[in-house]
Amino acid sequence: MIELVIASRCIDCDRCVMVCPTNVFDAVPGGHPVIARQQDCQTCFLCELYCPADALYVGPDCERPEPVDEQTITQTDWPQQYRRDSGWGKNRQDHPNEVWYMQQMLPEALAIRASDHGNAPADLPPP
Amino acid sequence: MAGHTDLTTGVLVIGGGLAASWAALSAAQQGADVILVDKGYCGTSGVTATAGVGHWYLPPEAREAEIAARTSAGGDLTEPDWMHRTMEVAWQRLPELDPYYPWPVRDGQPVRNTSVRGPEYMRVMRARIRRAGVTVLDFHPATELLLHGDGSAAGASGIRLQAGGTWTCRASAVILATGGTAFLSRLLGANNNTADGHLMAAEAGARFSGMEFSCFYTLAAAHSTMTRSFPFMYGTYRDCDGNELAFDGPRTGLPMIAKALIRGPVTVVLDRMPQHTRDRLPHVQPNFLLPLLRKGIDPFNDPFPVTLRGEGTIRGTGGIALTGPDCQAGVEGLYAAGDVASREPIVGAASGGGQPNSAWCVASGTWSGRAAAARAAQRPHAATAAGGSVPPRDVGQRPRAAAGSASQADAGIEEIRRIVSRELNDLDKNMFRSGEGLRRSLALLDDLWTQVRPPDDGGAGVSARADGGGGVSREDAGRDALRARETAALVAAGRWVLNSAIVRQESRGMHQRSDTPARDPQFTATVRAWGLDTVLTAVEPKTERQARELCPATRAAS
């Protein structure tokens, strides 16, 4: 569930208020948006993807809040992870979108299962 | 401040996901005035936005073999004509994405049968519909349809979630594209999918088909919504006694994991994923690792608990039974597109997850959008406005739960939502079904319906309550009213599912009953369900297409 609007990074653009599909945030005139309805968060992480300032943190648990402090979170790469790995914003230029590989995954996994019968993973050459 | 918006348009699209955006685009491309209203934000709403979706994108010469395979997998309930038409529209229209979406390129050609990233796809669709002139109203959930005196669709009304207050929109044609429902299973991106469109359609007189096929499940880490299944195919699974489960693939593997989950926790470690796939995983499914790494889990080395999240009618099949090739919803001027409509004609008793459902969004959005635009051209706004409109005859199915004090109502509503989610998702009730268990669940939901249906005197409607009063802010009043309405929709949809599953006394496709484990030829048939206080069902054999009314299944509210 959404846990943090990181005050030291937030630029008050209110994009999170605009894009959250379950309307979790409220805009605050002259201030940072606030998490007004945490219980409505569906843990879809899309607010992080849209945040241009890496100023949001969604916790991993979808059923209950797990309070965290800003200091701890800003020392990780978690707030920027989804946006970076999706190639949004400044990451756009050098991002390899390999979503096409999804189609290889099921056949690859089943082939490995058929061959190794529970032993160490076979490191097949990339297709 | 009036706290109310009055709108008039040619085509009103209700919903903001993949099908809604294709429908709005298609109507606007025909020259219609289009308003799209969504509960959330068109771009992040719906189950496509969080996923990676492929389409049924097959050249003409490959379609017969695909249809044969799907017909068999779907238990002979599909209709080849609908499958052909769906594939053809996807084939024609997906190239429209070329200027906006970076397909992978092979031999100099874009590879369009590959997966499309959901967030980017929906971002593209939002930009396209706005460029086409569609008015997009985010955070404007619809709560009820408006009908003309002759029963045809006249528009809808709803709530302004962020601004507070209400809205009304008169329209020449209405397209429902509100998605399927997973009955609050915490399926990724599906919390808003509470069957709102199903309830509105039922109040206007629509019927449903295939609702019994709502028992497909997807793996996720137990603490997580992340129902992205492919990485799990590399997993080693252990039951609560530490014994390895002989997982050989999803078809037999998922029921095996489900049985183990009923006994106790099941763990997985994705140790069979080769290094080259681990390395590229963040660029294949950028959201998959988020909830794992943040929990301190190294999924390739640390076993972690898994769960199976119900897909309801999303990767299930059921929905509004369409009554014509243009996606008419059984009500004049009302159309249905995407997962809110039954996909039984294209996938039968098997899941349409992945390619068919996405192609269906493109195709049903296209057909409904064009038909709605044609209707709007024939019946311009003036005629709509002059004809007047009334809420549907059963409007009254507005829930009364919010009538009491806010805190009392909330407690009741939350408990009802919890029960519906449990009865429609628990593995021992819904994946492994039995007549007895289904009837027990139905008795519970019939009782819940008497709590969420309106009082006999009509009571105060959602619209009235959404205007606020009595110390409740307009915004809070609107959210309370919406939540009550969603809850009624979930109960109603659950009762169509359970009644349909009870009537189908056999096992076919995903619908597996321990008391009727064999397939029965007399059920090579469509099960239809409809009604609110009294739910009715009919079995319509595929051969004669004549509804044979079986029984008034329940009389919950007598």
Side-chain angles (χ1 to χ4, degrees), chain A residues 17-23 26-27 37 40-50 57-64 66 76-78 81-88 95-106 108-110 112-114 116 118-127, chain B residues 16 39-41 43-46 49-50 52 54 102-104 111 113-117 119-120 138-139 161-162 186 188-192 221 223-226 230-231 233-234 236 244 247-250 271-277 280 282-287 289-295 479:
Chain A
V17 181
M18 187 174 85
V19 305
C20 170
T22 55
N23 196 30
D26 275 348
R37 287 165 295 277
D40 288 350
C41 176
Q42 64 170 354
T43 319
C44 68
F45 300 93
L46 287 171
C47 57
E48 289 185 6
L49 183 61
Y50 273 85
Y57 173 72
V58 177
D61 197 297
C62 64
E63 297 200 28
R64 56 194 63 83
E66 292 178 303
T76 70
D77 68 347
W78 294 336
Q81 187 183 1
Y82 194 10
R83 195 170 165 85
R84 177 196 69 212
D85 290 347
S86 298
W88 283 37
H95 172 72
N97 179 350
E98 298 183 286
V99 64
W100 56 271
Y101 193 77
M102 260 173 73
Q103 269 152 315
Q104 321 275 336
M105 290 173 75
L106 183 60
E108 176 180 81
L110 297 183
I112 290 169
R113 307 200 80 94
D116 73 7
N119 296 322
D123 201 359
L124 304 181
Chain B
K39 190 195 284 188
Y41 172 83
T44 59
S45 277
T50 48
W103 301 107
V111 185
N113 63 355
T114 193
S115 291
V116 184
R117 269 205 194 148
E120 286 82 351
D138 303 306
F139 306 107
L161 267 185
Q162 289 195 336
R186 299 184 196 276
L188 184 62
N191 280 28
N192 271 349
H223 67 278
S224 163
T225 54
M226 200 53 67
F230 286 160
M233 299 302 116
Y234 300 89
T236 298
E244 183 175 342
F247 183 92
D248 280 327
D271 56 352
R272 288 171 161 88
M273 188 181 287
Q275 190 60 44
H276 65 85
T277 302
R280 62 170 32 120
H283 298 142
V284 180
Q285 296 188 338
N287 52 2
L289 291 169
L290 308 181
L292 296 169
L293 300 180
R294 292 170 195 205
K295 202 78 169 175
R479 277 192 293 273

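The shown structure was predicted, so the numbers you read here are calculated from the model rather than taken from an experiment. Per chain, numbering begins at 1; letters A, B, ... match sequence-line order.
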Tell me, do Asp26(A) and Gln162(B) make a side-chain contact under 4.5 Å, heavy atoms counted?
no

With the side chain counted from C-beta on, respond yes when Leu293(B) and Gln81(A) share a heavy-atom pair under 4.5 Å apart, and no when they do not.
yes

May I ask you to name which of Gly54(B), Gly52(B), Gly40(B), Ser115(B) has the most heavy-atom pairs under 4.5 Å with chain A?
Ser115(B)

Tell me whether Glu108(A) is salt-bridged to Arg280(B), with the criterion being a basic N under 4.0 Å from an acidic carboxylate O.
no

Of the non-hydrogen atoms in Met105(A) and Val284(B), which two are nearest, and what is the gap between them?
SD-CG1, 4.1 Å

Is Phe45(A) in contact with chain B via its backbone, its side chain, both, or neither, using a 4.5 Å heavy-atom distance?
side chain

Pairing residues for Asp85(A) by the salt bridge (charged side-chain N to carboxylate O under 4.0 Å, His left out) criterion, not counting sequence neighbours
none

State whether the side chain of Arg272(B) and the backbone N or O of Arg113(A) hold a donor-acceptor pair below 3.5 Å, judged by distance alone.
no

Evaluate the side-chain proximity of Tyr101(A) to Thr277(B): yes if any heavy-atom separation is below 4.5 Å, no if none is.
yes

Apply side chain to side chain contact (heavy atoms under 4.5 Å, CB included) to residues Gln285(B) and Met102(A) and explain how you reach the verdict.
CA-CA 8 Å; Gln285(B) 296 188 338; Met102(A) 260 173 73; 3.6 Å; yes

Do Thr22(A) and Asn192(B) come close enough that some side-chain heavy atom pair is under 4.5 Å?
yes

Heavy atoms, side chains only, cut-off 4.5 Å: are Val111(B) and Trp100(A) in contact?
no

What's the shortest heavy-atom distance between Pro119(B) and Trp88(A), and which atoms?
CB-CZ2, 3.9 Å

Measure Arg84(A) against the heavy atoms of chain B and call it side chain, backbone, both or neither at under 4.5 Å.
neither

What pair of heavy atoms forms the shortest contact from Cys41(A) to Asn191(B), and how long is it?
O-ND2, 4.2 Å

Close side-chain approach of Arg294(B) and Asp61(A), heavy atoms under 4.5 Å:
no

Side chain, backbone, both or neither of Leu188(B) within contact of chain A (heavy atoms, under 4.5 Å)
side chain

Please classify the contact of Asn287(B) with chain A as side chain, backbone, both or neither, using a heavy-atom distance under 4.5 Å.
both

Mind running side chain to side chain contact (heavy atoms under 4.5 Å, CB included) on Arg117(B) and Ser86(A) for me, showing each step along the way?
CA-CA 9 Å; Arg117(B) 269 205 194 148; Ser86(A) 298; 4.3 Å; yes

Evaluate the side-chain proximity of Thr225(B) to Gln42(A): yes if any heavy-atom separation is below 4.5 Å, no if none is.
no

For a quick test of reading the model, state the closest non-hydrogen atom pair linking Ile112(A) to Tyr234(B) and the distance between them.
CD1-CE2, 4.2 Å

Given 3.5 Å as the limit, does a donor-acceptor pair link the side chain of Thr44(B) with the main chain of Val19(A), or not?
yes

Find the distance between SG (Cys44(A)) and CZ (Arg186(B)) and round it off to the nearest 0.5 Å.
13.5 Å

Derivation of the side chain to side chain contact (heavy atoms under 4.5 Å, CB included) call for Asn23(A) and Arg479(B):
CA-CA 10 Å; Asn23(A) 196 30; Arg479(B) 277 192 293 273; 4.2 Å; yes

Mind listing the closest non-hydrogen atom pair of Phe139(B) and Met18(A) along with its distance?
CE1-O, 3.3 Å

Over all atoms of both residues, closest heavy-atom pair of Lys295(B) and Pro60(A)
CD-CG, 3.8 Å

Given side chains that start at C-beta, do those of Glu98(A) and Pro104(B) come closer than 4.5 Å, heavy atoms only?
no

Using non-hydrogen atoms and a 4.5 Å limit, figure out which bit of Ala49(B) sits close to chain A: side chain, backbone, both or neither.
both

Separation of Leu49(A) CG from Thr50(B) OG1 (nearest 0.5 Å):
11.0 Å

If you round to the nearest 0.5 Å, how far is OH of Tyr41(B) from CG of Leu46(A)?
11.0 Å

Engaged part of Cys47(A) at the chain B interface, taking heavy atoms whose separation is under 4.5 Å:
neither

